[in-house]
Amino acid sequence: RDIPMIFSESEKGNDRYLLTLDTGSLCAGRGWGLFYYEYLFLRGNETLFSDTRNNVDVAFAHESAGKFRLLVCEKDYRTPDWFRGATMYQIFPDRFCRGDSPIPVRSDAEMEPDWEHGIPQYAEKPGDPLANNRFFGGDLWGVIKKLDYLQSLGVNVLYLNPIFRAYSNHKYDTGDYETVDEMFGGEEAFRALLSETGKRGMHVILDGVFNHTGDDSKYFNRYGKYPTVGAYQSVASPYFHWYRFSEFPDKYESWWGIPILPRLNHEDEGCRRYFTGENGILRKYLKMGASGWRLDVADELSDLFLDELRIAVNDEDHDALIIGEVWENAADKISYGKRRRYLAGRQLDGVMNYPLRNGILSFVRDGDAETLYHVLTEVYGSYPRASSDSLMNLLGTHDTERILTVLGASPDDFALPNAELAHKRLTAEQRARA
């Protein structure tokens with residue numbers, strides 16, 4: 001928040017300049033705080049205000065402009081040493097590698113037999129409903145097959161997109177957090193993966209989708225596929241208060257208004273404890289040997305939930321990692337009108353460093369070194385050192401275009417309809433340039 005600060009003044013000749021105070025007194029008793037400040041140069045009857053674009057460099061203007069931010073974090077804020085300097089590889093399990101054994105295929109799933117040239121499902125236009133039930137057959141056994149290859153690249157951390165039972169191939173519509181999806185090899189394959197990575201000194205990070213579930217889940221159970229009584233089925237369901245209904249049963253809060261993704265109500269203590277409790281989901285997979293969590297849509301998770309999540313994770317394993325999906329500068333992020341405190345020491349270790357991606361693309365693709373400079377300077381001039389050491393630095397994810405496409409395709413390609421994009425391929429020249 002923008003609060004007045006106390007300054008001491010020094011004089012030299014006719015110019016006066018102001019020095020900032022020790023901010024410890026401003027956040028005493030709380031342990032952390034976010035402050036905005038500026039330098040004022042008083043020159044005769046003229047006042048000059050400091051202006052910063054990147055939280056480090058300073059220019060001066062005749063009007064108050066860009067303020068510096070100062071994030072004071074908890075004194076005992078620590079992040080895992082093993083992640084510092086690590087090389088991470090992201091794996092979308094269904095599309096990475098098939099194991100050698102046949103996998104069970106659900107009756108409502110379609111299998112794509114052509115691994116090399118098969119085309120994933122595309123909606124007619126972005127935003128249209130899509131089944132996402134066509135699978136290529138990759139599984140966790142296939143990941144184990146590729147560990148030698150991954151190690152040869154210098155990889156020592158695997159980040160897995162969701163692996164819990166769900167209807168879709170992407171699994172962001174969780175059906176059962178307690179179960180590793182059978183089509184990925186189930187818990188047997190997951191434990192085998194943890195065993196093999198452990199022998200190699202590698203770590204596995206899981207994708208925690210805790211903001212919403214699928215409507216086809218044991219908790220909501222809109223289609224009655226699970227033996228439980230879901231929130232959609234009855235107000236007497238043990239999960240009813242896990243969701244917010246405006247008009248039962250068909251009008252309910254969902255993620256970005258997408259009805260297949262009903263949003264969880266973390267104000268309900270039972271819902272929170274399911275994840276953060278002594279026998280909750282967070283601890284369950286850390287006990288198995290997972291090394292941490294990447295939190296999907298961290299902006300939409302409440303402070304209360306994130307506070308309890310960190311306590312649970314650190315209590316179970318003080319070396320476990322917590323990375324949040326945040327696309328902007330996380331030091332002073334505002335989400336839904338509220339200032340967030342991700343990096344003050346009580347919630348996240350780090351975030352996904354999308355600003356770095358934007359800066360690198362500006363430099364590599366457009367030759368814009370200035371943008372890259374300001375991105376790097378702002379991020380590392382804003383974050384606590386512990387967080388700076390724990391960022392997920394990336395060039396692309398499942399939520400962005402592939403980096404080769406971005407660097408090789410022409411701008412006109414991105415305007416094509418999905419029916420054409422589904423079959424579009426980079427030319428040999430475009431790929432070589434990328």
Side-chain angles (χ1 to χ4, degrees), residues 1 32-34 36 55 69 71 73 77 79 90 126-127 159 161-162 170-174 177 205-214 242-244 252-268 271-272 274-276 281-282 292-313 321-359 375 378-379 382-384 386-388 390-394 396-400:
R1 55 188 176 173
W32 63 274
L34 175 65
Y36 289 87
N55 210 48
R69 70 170 76 81
L71 177 58
C73 61
Y77 186 21
T79 55
Q90 179 180 355
Y159 156 42
N161 287 103
H170 56 71
K171 307 298 177 192
Y172 282 92
D173 53 335
T174 311
Y177 293 100
I205 305 299
L206 297 179
D207 210 329
V209 187
F210 303 139
N211 176 72
H212 48 266
T213 67
W242 287 28
Y243 303 90
R244 292 187 179 93
Y252 48 86
E253 188 175 324
S254 59
W255 183 70
W256 284 44
I258 301 173
I260 65 170
L261 300 175
R263 188 178 181 190
L264 288 166
N265 172 24
H266 289 144
E267 292 182 9
D268 180 78
C271 179
R272 291 199 315 277
Y274 180 75
F275 299 102
T276 65
I281 297 301
L282 291 162
W293 294 91
R294 174 265 185 189
L295 303 179
D296 187 57
V297 294
D299 291 345
E300 309 203 23
L301 300 173
S302 69
D303 282 332
L304 176 60
F305 182 78
L306 290 176
D307 289 344
E308 292 186 3
L309 181 147
R310 185 173 186 85
I311 291 171
V313 168
L321 181 72
I322 308 171
I323 294 283
E325 180 194 3
V326 179
W327 287 61
E328 303 84 8
N329 186 305
D332 61 351
K333 173 68 186 287
I334 295 177
S335 175
Y336 294 92
K338 184 176 182 179
R339 182 80 67 187
R340 305 308 301 264
R341 47 183 174 83
Y342 300 127
L343 306 182
R346 294 186 179 182
Q347 294 185 350
L348 306 178
D349 292 317
V351 293
M352 302 176 76
N353 201 353
Y354 281 102
L356 175 64
R357 173 184 184 268
N358 298 337
V375 165
E378 181 184 9
V379 166
S382 303
Y383 292 1
S387 298
S388 294
S390 301
L391 299 177
M392 188 187 288
N393 301 313
L394 50 92
T397 70
H398 58 289
D399 286 321
T400 68

Can you tell me how far apart [atom1] ([X]) and [atom2] ([Y]) are? Round to the nearest 0.5 Å.
{"X": "Gln90", "Y": "Ile205", "atom1": "CD", "atom2": "CD1", "result": "12.0 Å"}
{"X": "Asp207", "Y": "Glu325", "atom1": "CG", "atom2": "CD", "result": "8.5 Å"}
{"X": "Thr174", "Y": "Leu261", "atom1": "OG1", "atom2": "CG", "result": "9.0 Å"}
{"X": "Leu304", "Y": "Gln347", "atom1": "CG", "atom2": "CD", "result": "10.0 Å"}
{"X": "Ser390", "Y": "Asn353", "atom1": "OG", "atom2": "CG", "result": "11.5 Å"}

Checking the side chain of [X] only, and the main-chain atoms of [Y] only, is there a donor and an acceptor separated by less than 3.5 Å?
{"X": "Arg339", "Y": "Asp332", "result": "yes"}
{"X": "Asp349", "Y": "Ile323", "result": "no"}
{"X": "Thr400", "Y": "Gly396", "result": "no"}
{"X": "Arg357", "Y": "Thr397", "result": "no"}

Q.
So if I apply the side-chain contact (heavy atoms from CB on, under 4.5 Å) rule between His212 and each of Ile260, Asp296, Leu264, Ile258, which one comes out positive?
A.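 Of Ile260, Asp296, Leu264, Ile258, side-chain contact (heavy atoms from CB on, under 4.5 Å) with His212 is met by Asp296 alone.
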Ion pair present between [X] and [Y], side-chain N to carboxylate O less than 4.0 angstrom?
{"X": "Asp299", "Y": "Arg340", "result": "no"}
{"X": "Arg272", "Y": "Asp307", "result": "no"}
{"X": "Lys338", "Y": "Asp303", "result": "yes"}

Minimum heavy-atom distance between [X] and [Y], given as atom pair plus value:
{"X": "Phe305", "Y": "Thr276", "value": "CE1-CG2, 4.1 Å"}
{"X": "Ser382", "Y": "Arg69", "value": "OG-NH1, 2.6 Å"}
{"X": "Leu282", "Y": "Ala312", "value": "CD1-CB, 4.3 Å"}
{"X": "Ala298", "Y": "Val326", "value": "CB-CG2, 4.3 Å"}
{"X": "Ala330", "Y": "Leu343", "value": "CB-CD1, 4.0 Å"}
{"X": "Tyr77", "Y": "Leu348", "value": "OH-O, 2.7 Å"}

Q: Taking the side chain as every heavy atom from C-beta outward, state whether Leu295 and Leu301 have any pair of such atoms under 4.5 Å apart.
A: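 Result yes, sub-4.5 Å side-chain heavy-atom pair found.
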Q.
Could you walk me through whether Asn329 and Tyr383 satisfy the side chain to side chain contact (heavy atoms under 4.5 Å, CB included) test, starting with their C-alpha distance in whole Å, then the side-chain angles of each, then the deciding distance to 0.1 Å, before giving a yes or no?
A. CA-CA 9 Å; Asn329 186 305; Tyr383 292 1; 3.3 Å; yes
**Q.** Qualifying residues under ring-ring contact (aromatic ring centres under 6.0 Å, His included), relative to Tyr243, sequence neighbours excluded
**A.** Phe220
Q. Among all residues two or more places apart in sequence or in another chain, which pass the ring-ring contact (aromatic ring centres under 6.0 Å, His included) test with Trp242?
A. Tyr219, Tyr239, Tyr274
**Q.** Geometric class of the Trp327/Tyr354 ring pair [parallel <30°, tilted 30-60°, perpendicular >60°]
**A.** parallel
Q.
Parallel, tilted or perpendicular, judged at 30° and 60°: which one describes the rings of Tyr177 and Phe275?
A. perpendicular
Q. Could you walk me through whether Asn211 and Arg263 pass the side chain to side chain contact (heavy atoms under 4.5 Å, CB included) check?
A. CA-CA 6 Å; Asn211 176 72; Arg263 188 178 181 190; 3.1 Å; yes
(Q) Quick one about Tyr342 and Ser387 (side-chain donor to acceptor, distance below 3.5 Å, no hydrogens or angles considered), yes or no? (A)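 Short answer, no.
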Q: Report the C-alpha separation of His398 and His170 in whole Å, then their side-chain angles, then the decisive distance to 0.1 Å, and conclude whether the side chain to side chain contact (heavy atoms under 4.5 Å, CB included) test is met.
A: CA-CA 10 Å; His398 58 289; His170 56 71; over 6 Å; no
**Q.** Asp173/Lys171 under salt bridge (Lys or Arg N to Asp or Glu O under 4.0 Å): CA gap, chis, key distance, verdict
**A.** CA-CA 5 Å; Asp173 53 335; Lys171 307 298 177 192; over 6 Å; no
Q: With side chain to side chain contact (heavy atoms under 4.5 Å, CB included) as the test, would you mind laying out the steps for Val379 and Leu391 before giving the verdict?
A: CA-CA 10 Å; Val379 166; Leu391 299 177; 4.0 Å; yes
